[in-house]
Number of protein chains: 2
Amino acid sequence: MATLKEVAKKAGVSITTVSRVINGSSKVNGETRERVQKAMIQLDYQPNRVAQRLRASSGQSKLLGLIIPDIQNQFYSNIVRGIEDVTYGHDYAVILCNSDENPNKERFYLEVLKSESVDGIILPPIHQFGEEIESIIELGIPIVCVDRKLMRKKVDTVVIGNEKGGYDAVSHLIEQGHKKIAILTSSLQFSSFDERQKGYERALKENGIEIDKRLIKEGDPRSSETARELTDELLSLDSPPSAIFATNNLMTLGVLESVNKHGMQIPDDISIVGFDDLPWAKAISPPLTTIKQPAYEMGQKAAELFFQRVENPSREPEVVIMEPKLIVRESTAKLVNAQVKDTE
Amino acid sequence: MATLKEVAKKAGVSITTVSRVINGSSKVNGETRERVQKAMIQLDYQPNRVAQRLRASSGQSKLLGLIIPDIQNQFYSNIVRGIEDVTYGHDYAVILCNSDENPNKERFYLEVLKSESVDGIILPPIHQFGEEIESIIELGIPIVCVDRKLMRKKVDTVVIGNEKGGYDAVSHLIEQGHKKIAILTSSLQFSSFDERQKGYERALKENGIEIDKRLIKEGDPRSSETARELTDELLSLDSPPSAIFATNNLMTLGVLESVNKHGMQIPDDISIVGFDDLPWAKAISPPLTTIKQPAYEMGQKAAELFFQRVENPSREPEVVIMEPKLIVRESTAKLVNAQVKDTE
DNA sequence: TGAATATTTGAAAACGTTTTCATAAAAACA
DNA sequence: TGTTTTTATGAAAACGTTTTCAAATATTCA
């Protein structure tokens, strides 16, 4: 691959001049410029981004780091795609890291990204008080939190109104006559799940429904397995719930699997509200009622916040709260009388 | 962030010695070593990967490039995860690029990756004759093709037996008495889809079933929309198919959506075989019969081939063909007589 | 015309490593 | 003891850029 030096030699100028032609950083004589440009084309010159990065001051390295729990979780792959579509237009490359919600992996990758001189890092923080992340902020590397918040430090953040999402989901069920409503939430402590559960509780309270601890189940949000098992438990309760609210896409799958295995009909036997509106949600039978998170847009917004900070490093951190949206499809229905008798 | 220079100063040695301690590249006095290590710890020294990369010869840059059509397609996110889990153990970072099957984007990202001095690139090639990719191979940068093949150049490659996948899917339907079997395949020309269709045709031929062009539909494999529309067309045919074979996960969703919209029962009214066994396939009702691609393992294998090539740059390119697997669930069933009469 | 200014260019330093080459000191050998 | 070998270390070059500083030439002004 051609270097500045080779171009300079071919054009009979110094590398300084070539650099100037490339970056337009100061005037060069028209004739010289043409000569250089011709040489660049002839040699198919492309600047070496590694050398540029080494030389560059912060914010100029054209590299962005992403640490997500798991790219196999479609919620995150949607976020990643939103980010990438924005960075694409800025000539940035993106380094992708999967943390599995594992603090050691997160720590490892934060070190790698620092060492790669990234211009910034976008991530859903694992800990609400992330020391490592705080130390990175101190270093002046822009951080954008997405999906979850950081408590102690003010940082650019994109989240959805999780409390409202939970509230809307459960209110919808209550409107349809449901009283025994179960929730599947995360056993790992994250602000997002905590708030969804708060919304669940508020909806119940506001409607005078007592909270029944047996209907609150905590499982691993990284896969559908525990959700399936917990749903098995829920369905074998003496008085099982007439509706289940699953707080992320994988747990929703676990619920569906268990319900189907039990030969129950949705929504006749049980109503389901999921979280995350993924492509399969509207394709299945019955189509799933769900809380839609604008994951792709969250990614876009996070990337935009990052670029705004590169532009203006001293601006106040911004917290963007996006709207969750209840999409009513056919997995929820009015509680029929027979069942009401049954369960009351 | 601390540099070699600072560590050297603190330890009262030259940067050469510090470098030697880090890399163990040659003997240093035990006492000196300890002094250096202490300084490294005190300063929390981490080597700068950018500088290392600039200095490194090829194959030492610890950076791998990935160009995939779309990370939102879960088949690819599974591949990416498989790759990443292997690179993680090798201290590699991964740059992720989405091409949308757009040759210009692919070209753009290939340039970026070259310019980033990646040690290698893993991708499903868009063109069977990819000039740009060939020129990268000439440069000596290892390429691993995954999911699709490259025709003119021998390259490390991981694919599945697509023809067999198509054949198995359709044979299964034929065994159940289906004769009017539709296929939804890709309008974009890729080796994978071409072969799946070949398998479809061979299964029909071997069973003496004539190929009906009206039952072969080509749609955009990047989303479910055209598949939905094409299924609408299929279902409104004078004598509609009794079974549909969808050749990737997104097209499968389109088929399901259309079928459900028409109020048809699966498998009573129509049988469906999908491609790709994603988490939702077994959770939906009825659970989906599908051809499973070991996407995660394909990614792992591709990454392993890459590392083997780094290890031994001159070894013969290897083509690994993995097995697709028919997973029979409940979206396919014996064709009942009534229908047989109807359609014959 | 001479001085001041603007234009155009290049040499060299810097970014943080690894590696080559040289050399001083220590150890081994005769 | 003098010579050779081994051990331990550092100076400097290199990777490919960008940027600072200086200088040479051309242009403008009085």
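Nothing here was measured: the structure is a model prediction, and the numbers come from that model. A note on names: the letters A, B, ... follow the listed sequences, proteins ahead of strands, and every chain is numbered from 1.
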**OP:** Under 4.0 Å between any heavy atoms, over every strand shown, what does A:Val50 touch: base, sugar-phosphate, or nothing? Just pick one.
**Re:** nothing

**OP:** Report yes if some heavy atom in the side chain of A:Arg35 is under 4.5 Å from a heavy atom in the side chain of A:Val13; otherwise report no.
**Re:** yes

**OP:** Report yes if at least one side-chain N or O of A:Ser26 is closer than 4.0 Å to OP1 or OP2 of C:dT8; otherwise report no.
**Re:** no

Original post:
Does B:Gln52 have a side-chain nitrogen or oxygen under 4.0 Å from the phosphate oxygens OP1 or OP2 of C:dT18?
Top reply: yes

I'd like a list of close polar pairs between nucleotides 5-7 of chain C and the protein, N/O only, cut-off under 3.5 Å.
none

Subject >> Student check: side-chain heavy atoms of A:Leu110 and A:Glu106 closer than 4.5 Å >> reply: yes

Subject >> Near-strand residues of residues 37-48 of chain B, defined as heavy-atom separation under 4.0 angstrom from DNA chain C >> reply: B:Tyr45, B:Gln46, B:Pro47, B:Asn48

Original post:
Between C:dC15 atom C1' and B:Met1 atom CE, what is the distance in whole Å?
Top reply: 12 Å

Original post:
Starting at NZ of A:Lys9 and ending at P of D:dT17, how long is that distance when rounded to a whole Å?
Top reply: 16 Å

Original post:
Looking at B:Asp156 and B:Lys301, does any basic side-chain N land under 4.0 Å from a carboxylate oxygen?
Top reply: no

**OP:** Starting from C1' on D:dT17, measure out to CZ on A:Arg49 and report it in whole angstrom.
**Re:** 13 Å

Original post:
Can you check whether A:Ser19 reaches A:Leu4 side chain to side chain, under 4.5 Å on heavy atoms?
Top reply: yes

Subject >> Nucleotide of D:dG16, C:dC15, C:dT17 approaching B:Lys5 most closely (side-chain heavy atoms) >> reply: C:dC15

Original post:
Are any of the side-chain heavy atoms of A:Arg222 and A:Asp70 separated by less than 4.5 Å?
Top reply: no

Original post:
Are A:Phe75 and A:Tyr296 near enough that their ring centres are under 6.0 Å apart?
Top reply: no

Subject >> Between B:Tyr76 and B:Asp147: side-chain donor-acceptor atoms closer than 3.5 Å >> reply: yes

Subject >> Below 4.0 Å: OP1/OP2 of C:dT17 and any side-chain N or O of B:Ser19 >> reply: no

Original post:
Rounded to the Å, how far apart are A:Ile15 CD1 and D:dG16 C1'?
Top reply: 8 Å

Subject >> B:Ile121 side, atom CD1; B:Leu113 side, atom CG - distance, nearest 0.5 Å >> reply: 4.5 Å

Original post:
Between B:Ser14 and D:dT9, is there a side-chain N or O to OP1/OP2 distance below 4.0 Å?
Top reply: no

Original post:
Mapping B:Arg55 and A:Arg20 onto DNA chain D by nearest heavy atom, which one lands closer to the 5' end?
Top reply: B:Arg55

**OP:** Please work out which of the three classes, parallel, tilted or perpendicular, describes the rings of A:Tyr109 and B:Tyr88, given edges at 30° and 60°.
**Re:** tilted

Original post:
From C:dT17, D:dG10, D:dT17, pick the nucleotide closest to the side chain of A:Leu4?
Top reply: D:dT17

Original post:
Has A:Thr32 got a side-chain N or O lying under 4.0 Å from the OP1 or OP2 atom of C:dT9?
Top reply: yes

**OP:** Please determine if B:Glu101 and B:Arg148 form a salt bridge, counting it only when a charged side-chain N lies under 4.0 Å from a carboxylate O.
**Re:** yes

Original post:
Atom CG of B:Asn29 to atom P of C:dA24: distance rounded to whole Å?
Top reply: 19 Å

**OP:** Using a cut-off of strictly less than 4.0 Å, decide whether A:Thr16 has a side-chain nitrogen or oxygen near OP1 or OP2 of C:dG10.
**Re:** no

Original post:
Between C:dT17 atom C1' and B:Gln60 atom CD, what is the distance in whole Å?
Top reply: 13 Å

Subject >> d(CD, A:Glu34; P, C:dT9) in whole Å >> reply: 12 Å

Original post:
Quick one: B:Leu54 CG to C:dA14 C1', roughly how many Å, whole number?
Top reply: 12 Å

